[in-house]
2 protein chains.
Amino acid sequence: MDKPQPDDLKDAGLKSTVPRLNILALFKSGQERHMSAEDVYKQLLANGDDVGLATVYRVLTQFEQAGLLVRHYFEGGKSVFELNQGKHHDHIVCLQCGHVEEFYDAAIESRQEKVATERGFAVHNHSLHIYADCVNKACPHKH
Amino acid sequence: MDKPQPDDLKDAGLKSTVPRLNILALFKSGQERHMSAEDVYKQLLANGDDVGLATVYRVLTQFEQAGLLVRHYFEGGKSVFELNQGKHHDHIVCLQCGHVEEFYDAAIESRQEKVATERGFAVHNHSLHIYADCVNKACPHKH
DNA sequence: TTTGAAGATGATAATGGTTCTCATTTGCAA
DNA sequence: TTGCAAATGAGAACCATTATCATCTTCAAA
């Protein structure tokens, strides 16, 4: 199941509409894992899909609430979305080319939980963003 | 040296002006460690200082660049500043009352560095935000 | 398959945080 | 005290995002 199924939407309690199918398809295409609303909007237009920016924002938010997408608040103001693959991970963001790399470190995860509970907090979620520079050659990553 | 010294500004290469002194004094007063531009603006007005919002934003940014303040991008859109005390730390933010608690965990820090360098990144900085609920009684924290 | 109403869309206005503009004021070295 | 570069403040401008609302779709029921 890589191609968008109307069921993905149905299961999320959302009507299966053209904009929603297109947006889900875009994320599932995997070309770009992390996209802002603007990115999605432009990509859809480039694909010839006629969609409104307001709809993109709405759908992105709905998908987030439905658990289809995960939203990230990176530095820079605009939030970025990625397909929810179930498995949590954190991010390294290249300050030069904007490339986002994902990682998961069990030790970090467990220490976080420990720190929070020790202080009487019930963890909801967390975000760990490492801002760095791609070190080798001229940014091995895209753009 | 807890009261604002003109030298703090001089050392940062900034002219010693009334708004800058007031803003620095506010942070050094320690009443509120984490404040948004709006928070600072309102507090200054409440103190009887006549300042413009634009100036607050400008000064906050200058202080950040000068290393006097540290800026945080918590969820919620607006950035928050705190006095730079030299020692890095991360944050737990209560989703109910907005209370911010600081912590430092050496294990987490070193694992982060490891993860990043392993992937060919030169770490610039990072942000680790744990979003949680104060677990005991009705939010032991303020507001 | 047609139909109708709830729900979705999209153009645009509105919002909220932040930055820019520019005329006026201030800090400070000479 | 003076002169000017730097700083300030009021308001316009900006940008990402959300709200409004008239029109258009989806989909279940007939």
Side-chain angles (χ1 to χ4, degrees), chain A residues 4-26 34-45 47-66 68-81 98, chain B residues 4-26 34-45 47-66 68-81 98:
Chain A
Q5 303 292 322
D7 288 347
D8 290 330
L9 298 175
K10 282 270 176 50
D11 294 348
L14 296 169
K15 253 189 206 171
S16 166
T17 68
V18 175
R20 299 216 257 238
L21 259 346
N22 285 337
I23 292 175
L24 189 52
L26 177 57
H34 302 84
M35 288 181 282
S36 66
E38 187 79 25
D39 293 336
V40 170
Y41 178 61
K42 285 184 180 159
Q43 192 59 54
L44 290 182
L45 292 187
N47 292 353
D49 302 321
D50 188 18
V51 70
L53 183 56
T55 300
V56 172
Y57 274 101
R58 258 185 314 240
V59 171
L60 253 21
T61 298
Q62 292 162 342
F63 281 8
E64 183 201 7
Q65 292 171 339
L68 291 171
L69 298 177
V70 178
R71 181 198 297 256
H72 299 293
Y73 300 87
F74 295 142
E75 289 182 11
K78 50 177 64 170
S79 40
V80 170
F81 298 81
Chain B
Q5 304 291 320
D7 288 347
D8 289 329
L9 297 176
K10 280 271 176 48
D11 295 348
L14 296 169
K15 250 187 206 172
S16 164
T17 67
V18 175
R20 299 216 258 240
L21 259 348
N22 285 338
I23 291 174
L24 189 52
L26 177 56
H34 300 85
M35 287 180 281
S36 66
E38 188 79 26
D39 293 336
V40 171
Y41 178 62
K42 285 183 180 161
Q43 191 58 54
L44 290 182
L45 292 188
N47 291 353
D49 301 321
D50 188 17
V51 71
L53 184 54
T55 300
V56 172
Y57 273 100
R58 258 185 315 242
V59 172
L60 253 19
T61 298
Q62 294 162 342
F63 280 8
E64 183 200 8
Q65 292 170 341
L68 291 172
L69 296 179
V70 177
R71 181 198 297 257
H72 299 292
Y73 300 87
F74 294 141
E75 290 182 11
K78 51 177 62 171
S79 39
V80 170
F81 299 80

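The chains referred to below are lettered A, B, ... by the order of the sequence lines, with proteins before strands, and numbering in each begins at 1. Only heavy atoms go into these numbers, but all of them, side chains included; no hydrogens, no water, no symmetry mates.
No engagement by B:S36 is indicated, since no non-hydrogen atom pair under 4.0 Å with the nucleic acid exists.
Taking atom CG of A:D39 as the reference point, atom P of D:dT17 lies 10 Å away to the nearest angstrom. Regarding B:N22, its CG atom lies at a distance of 13 Å from the C1' atom of D:dT8, rounded to whole Å. Rounded to an integer number of Å, the gap from OH of A:Y41 to C1' of D:dC15 is 15 Å. One atom, CZ of A:R58, and another, P of D:dT25, lie 15 Å apart when rounded to the nearest Å. The distance from atom OH of B:Y57 to atom P of C:dT18 is 4 Å, rounded to the nearest whole Å.
Between B:S79 and C:dT18 there is a side-chain polar atom (N or O) within less than 4.0 angstrom of OP1 or OP2. A sub-4.0 Å separation between OP1 or OP2 of C:dG17 and a side-chain N or O of B:K78 is present. Residue A:R20 places at least one side-chain N or O under 4.0 Å from the OP1 or OP2 atom of C:dA8. Contact annotation: A:T55 side-chain N/O to C:dG10 OP1/OP2 distance is under 4.0 Å.
The closest side-chain donor-acceptor pair between A:R58 and A:T61, if any, does not fall under 3.5 angstrom.
Without hydrogens or angle criteria, A:N47 side chain to A:L44 main chain gives no donor-acceptor distance under 3.5 Å.
Of the candidates C:dT9, C:dG27, C:dC28, C:dG27 carries the atom nearest the B:T17 side chain, counting heavy atoms from C-beta on.
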